[in-house]
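Before any comments, here is the structure.
Both counts, for ligands and for their atoms, begin at 1 and track the order of listing. Bear in mind the structure is a predicted one, so any value in this text is a computation, not a measurement. These numbers come from the heavy atoms of this one structure, side chains and all, not from hydrogens, waters or symmetry mates.
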Amino acid sequence: MSQSRYARQMVLAEVGAEGQKKLAAARVLIVGVGGLGAPAALYLAAAGVGSIGLIDADQVDISNLQRQIIYDSADQGRDKVTRAATRLQALNPEVHVAAYPSRLTAANAIEIAAPYDIILDGSDNFSTKFLLNDLAYKLGKPLVYGTILRWEGQASVFWAPHGPCYRCLFPEPPQTYVPSCAEAGVIGAMAGIIGSIQALEAVKLIVNGSQTPVQGGLEPLLGQLLHLRAQTMETRRLALRKNPECPCCSKAPSEIVLRDLNDACDTAVSQEIPNYVAAELSQGNRWQEFIPLDIRESQEWMGGHLPSAHHWPLSKLQEGHLPELPARSKPVLVYCQSGIRSRRALQILRTAGWQNLAHLSDGFGAWRGPVVVS
Ligand SMILES: [Zn+2]
């Protein structure tokens, strides 16, 4: 191992020679070598992560190059994993790279992921995100999660023995319309930021070691969801709670059966509707396509709420009383003040069998659209 290659990180007290050895021994599987996976792979190879697996079934398209910085214009039409592996080997010949030019499925997931210590989610579809969550939980491995849409991004680390899993947050894939990056757009640098955060979290996990997730001042985003809003550069860290009724981590790992989800949800990136998207829907006269459901308490409701909203406080939901809404054929858009209580309300409604749900991820507090006072 070349000491000088890693000198800038080995001088850090938290890394040192010991941490560098851990990095050299570490095995990270990157699922999806796109906007998130590309920067993550480059930084992990550069840091000397000894074994990197890349899985992706796609070929490089010219529209990828705006954010998938591991590829060149000359790579168009070629397998992503092959090109990415070549690039990583050129960057750091000390690293072993395995390329899997296929899609991760319930059938191949265990065999591919088993040899790795950490799984990094570079996917852009719900089908893979839910499969990865169940896979990581079943195998007891940390999952470094990331997602991006437009000017916003989120990252977290799900590692069930040390915190909640992705399904604690989202028990099932969304049943309602959510725009994809292809439809809604995404800024390239945001992919770079969130993918780099994922690489950073993987390095922290490796240096900390598998048995001690919080040590030496390096605290991975376990049980924390980092949200970055690039328009204003606001960041929020939401503490996530373990859901005792989680369809995944409330069971024993051996009971988890991996399954491939309906491809219908494959275009979705997030079931959360940020306020600016909701405002655009409103301006585009598509507001009538939703049933807004305000789950704040009466005082908050009386201070102002969304037009045509129904009011049903979370406290009633938690007592088991469900609202009666007209025409549930439309998606119900749940909202609270800041987007936290509405997540809980979604879980309750889903458990009660409701489908076609979405929520305002920034809450009424950040709402800049029309408001009525009753
Ligand atoms: Zn869970």
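- Taking the six-membered ring for Trp and thresholds of 30 and 60 degrees, His305 and Trp301 have nearly parallel ring planes, at less than 30 degrees apart.
- Side-chain atoms of Lys80 do not come within 3.5 Å of backbone N or O of Asp56 as any donor-acceptor pair.
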Residue pair Arg350, Gln347: steps toward the side-chain hydrogen bond (donor to acceptor under 3.5 Å, both in side chains) verdict: CA-CA 5 Å; Arg350 278 209 200 87; Gln347 287 177 351; over 6 Å; no
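- Around the Zn ion (ligand 1), protein N, O or S atoms at a distance under 2.8 Å total 4; waters are neither shown nor counted.
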Side chains of residues 313-320: which donor-acceptor pairs under 3.5 Å do they make with residues two or more places apart or in other chains?
residue: Ser315; atom: OG; partner: Glu297; partner atom: OE1; Å: 3.2
residue: Ser315; atom: OG; partner: Glu297; partner atom: OE2; Å: 3.4

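- Atom CZ of Arg237 has 12 or fewer neighbouring heavy atoms from other residues, nucleotides or ligands inside a 6.0 Å radius.
- Checked for salt-bridge contact, Asp134 and Arg167 meet the test: a charged N lies under 4.0 Å from a carboxylate O.
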